[in-house]
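Report on the following structure.
Numbering of ligands and ligand atoms starts at 1, following listing order.
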Amino acid sequence: MNGRAAVDHLPALHAYLDDPARQDSVRAAAVAVVEALAAAAVELAGVIASGPLVGITGRDGAVNPDGDTQKDIDVVADRLMRDALRTAPVAAVLSEEVELPETLDAEAPLCVAIDPLDGSANLANNISVGTIFSIRPKARDILSTFFEPGTAQIAAGFFIYGPQTVLVLALDQRVDVFTLYPPTREFVLTGRGVRIPPDTPEFAINASNRRHWSGAVRGYIDECLAGANGECGRDFNMRWIGSLVAEAYRILVRGGVFLYPADVRPGYREGRLRLLYEAHPVALIMEWADGAASSGRARILELSARTPHQRVPLIMGSPRTVRDIDMMHEGVEPLFENADAPLFARRGLFR
Ligand code: F6P
C-alpha cells in the first residue's frame with residue numbers, strides 16, 4: 001500500500017485551519033493556540049513512543065494540586081504544553097499540574113484549561129493516553145473566565161497518543177479528526193464532521209465501584225447487564241480502558257455511553273473527573289458531534305466551576321442513552337439512595 005499517495009490527498013491541519021482563521025480575530029487566535037498545541041503534541045508523541053529509551057521511567061514523583069501522583073512524563077508534558085502556549089495569544093493557562101491559573105500575556109484574548117497528560121498511569125501498560133484542552137475568550141478578568149459555564153468555550157479538543165497520534169478538534173460547531181503522519185510530522189484530516197451514532201448498546205464504567213454507586217447508576221448498569229433477558233430486551237457490550245481520551249474516541253467512532261459517576265467513597269462525592277479540563281472539553285466535543293454529556297442531573301456545558309480543579313460526575317455518549325440515564329436520576333435523591341428501596345424500584349428505565 002502506498003501511504004504517501006493517500007496522505008497527499010488529505011488536507012494538512014494548518015491548511016485546513018486557514019478558513020476559520022480568516023473569520024474573525026478570536027477564531028484566528030484559537031487557531032494559533034491549536035497550532036501551537038499540535039506542535040507540542042508532535043514532540044510529546046515522540047517522547048511517549050520512546051519512553052524508557054529517552055529516560056521516561058514512569059516512576060511516581062510529587063503529588064499534583066489535585067491529589068494525583070505525578071509521573072515524570074506528566075512533568076514533561078506540562079512543560080511542553082505550557083511552553084507552547086507562551087507562543088500563542090493566551091492570557092492565562094490552567095493546567096492540571098498547577099494549583100492556580102498562570103498568567104502568560106494578560107492582554108491576549110484567550111484562556112486555556114489543559115490536562116497535559118490524561119491517564120498517565122496507563123503508560124506503564126502501553127495504553128493510550130492524551131492531552132485535553134479547552135479554549136475560551138478571556139472574560140472581564142482571568143479568574144472569572146474559568147468560572148464561566150462550559151458554553152463559553154469556543155473550541156476544545158484532545159490529542160490521543162495511541163497506535164496512531166490523533167487530534168480530535170471541536171471548532172466552529174463541528175468535530176474533525178486529524179492523524180499525525182510521522183514522516184512529515186504533520187497532522188492531516190482523516191475524519192470530517194464526526195457524528196456519534198444515536199443509540200449503541202455499549203457501556204463503559206469502572207464496575208469495581210458498583211457498591212459505591214447511587215441507585216440510579218446501579219439500576220442503569222444492572223439493566224444493561226441483564227441484556228436480552230432483562231427489560232431492555234437486548235444485549236450490551238462493555239468496555240473500560242481507564243483513559244478518558246480513549247473512551248471518548250471510541251464513542252466518537254462507534255457510539256455507546258461512558259459513565260464516571262459520583263460515588264460514596266471519600267473524594268468521589270462529586271465524581272472523579274475535572275470539570276474545566278476534562279468534562280467541559282469532552283462535553284463540547286460530544287455535543288458538536290451530535291452526542292450528549294451530562295452529570296446525570298445537568299448538562300455539563302451549563303455547569304460552572306467554583307474552584308479551578310473542581311470535579312464533576314460525567315455521563316457522555318450516544319444522546320438517547322445519556323437522556324435515558326438522566327431520566328433515571330429524575331426525582332431520586334442526589335446520592336446514596338438505595339437501589340433496592342421502593343422509590344428506586346419505581347424508577348426503572350424500561351418500566
Ligand atoms: O482522570 C484520569 C483518569 O485516568 C481518566 O483518564 C480515566 O477515565 C479515569 O481517571 C480512570 O479512573 P479509575 O482509575 O478510577 O477507573
Just need the protein heavy atom nearest to [atom], so name the residue and atom and give the distance.
atom	result
atom 8 (O) of ligand 1	Leu244 N, 3.7 Å
atom 16 (O) of ligand 1	Asn206 ND2, 2.8 Å
atom 9 (C) of ligand 1	Arg272 NE, 3.5 Å

Asp176 side chain to Gly193 main-chain N or O, any donor-acceptor pair under 3.5 Å?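 Yes, because the side chain of Asp176 sits within donor-acceptor range (under 3.5 Å) of the backbone of Gly193.
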Per-atom contacts of ligand 1 with [X], taking only distances under 4.0 Å to non-hydrogen atoms:
X	result
Tyr260	12 (O), 13 (P), 15 (O), 16 (O)
Asp118	1 (O), 2 (C), 5 (C), 6 (O)
Ser243	6 (O)
Gly119	4 (O)

Is there a polar contact between ligand 1 and Arg274, counting only N or O atoms under 3.5 Å apart?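 Checking ligand 1 against Arg274, an N or O pair does fall under 3.5 Å apart.
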Atom pairs and distances, side-chain donor-acceptor, residues 28-40, under 3.5 Å, sequence neighbours left out:
none

Residue pairs involving residues 114-124 (criterion salt bridge (Lys or Arg N to Asp or Glu O under 4.0 Å); sequence neighbours excluded):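 As it turns out, there is no salt bridge (Lys or Arg N to Asp or Glu O under 4.0 Å) pair with a partner in residues 114-124 once direct neighbours are skipped.
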Quick one, Phe178 with Tyr16, criterion ring-ring contact (aromatic ring centres under 6.0 Å, His included). Give me CA distance, side-chain angles, the key distance, then yes/no. CA-CA 10 Å; Phe178 302 83; Tyr16 185 79; 5.3 Å; yes
Answer side chain, backbone, both or neither: which part of Leu273 comes under 4.0 Å from ligand 1, heavy atoms only. side chain
Check this for me, if you would: do Arg299 and Glu287 make a salt bridge, where the nitrogen-to-carboxylate-oxygen distance has to be below 4.0 angstrom? yes
Return the minimal non-hydrogen interatomic distance between Ser95 and Asp78, and the atom names on each side. OG-OD1, 2.7 Å
Could you check which of Ala204, Ala246, Gly242 puts a non-hydrogen atom nearest to atom 7 (C) of ligand 1?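 It is Gly242 that holds the nearest heavy atom.
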Decide side chain to side chain contact (heavy atoms under 4.5 Å, CB included) for Ile315 and Val257; before the verdict, give the C-alpha distance in whole Å, the side-chain angles of both, and the deciding distance to 0.1 Å. CA-CA 7 Å; Ile315 298 160; Val257 69; 3.9 Å; yes
Judged by non-hydrogen atoms, does Glu278 sit under 4.0 Å from ligand 1? yes
Is there a salt bridge (charged side-chain N to carboxylate O under 4.0 Å, His left out) between Glu202 and Arg254? Walk through the geometry before answering. CA-CA 9 Å; Glu202 184 164 86; Arg254 64 186 199 196; 2.9 Å; yes
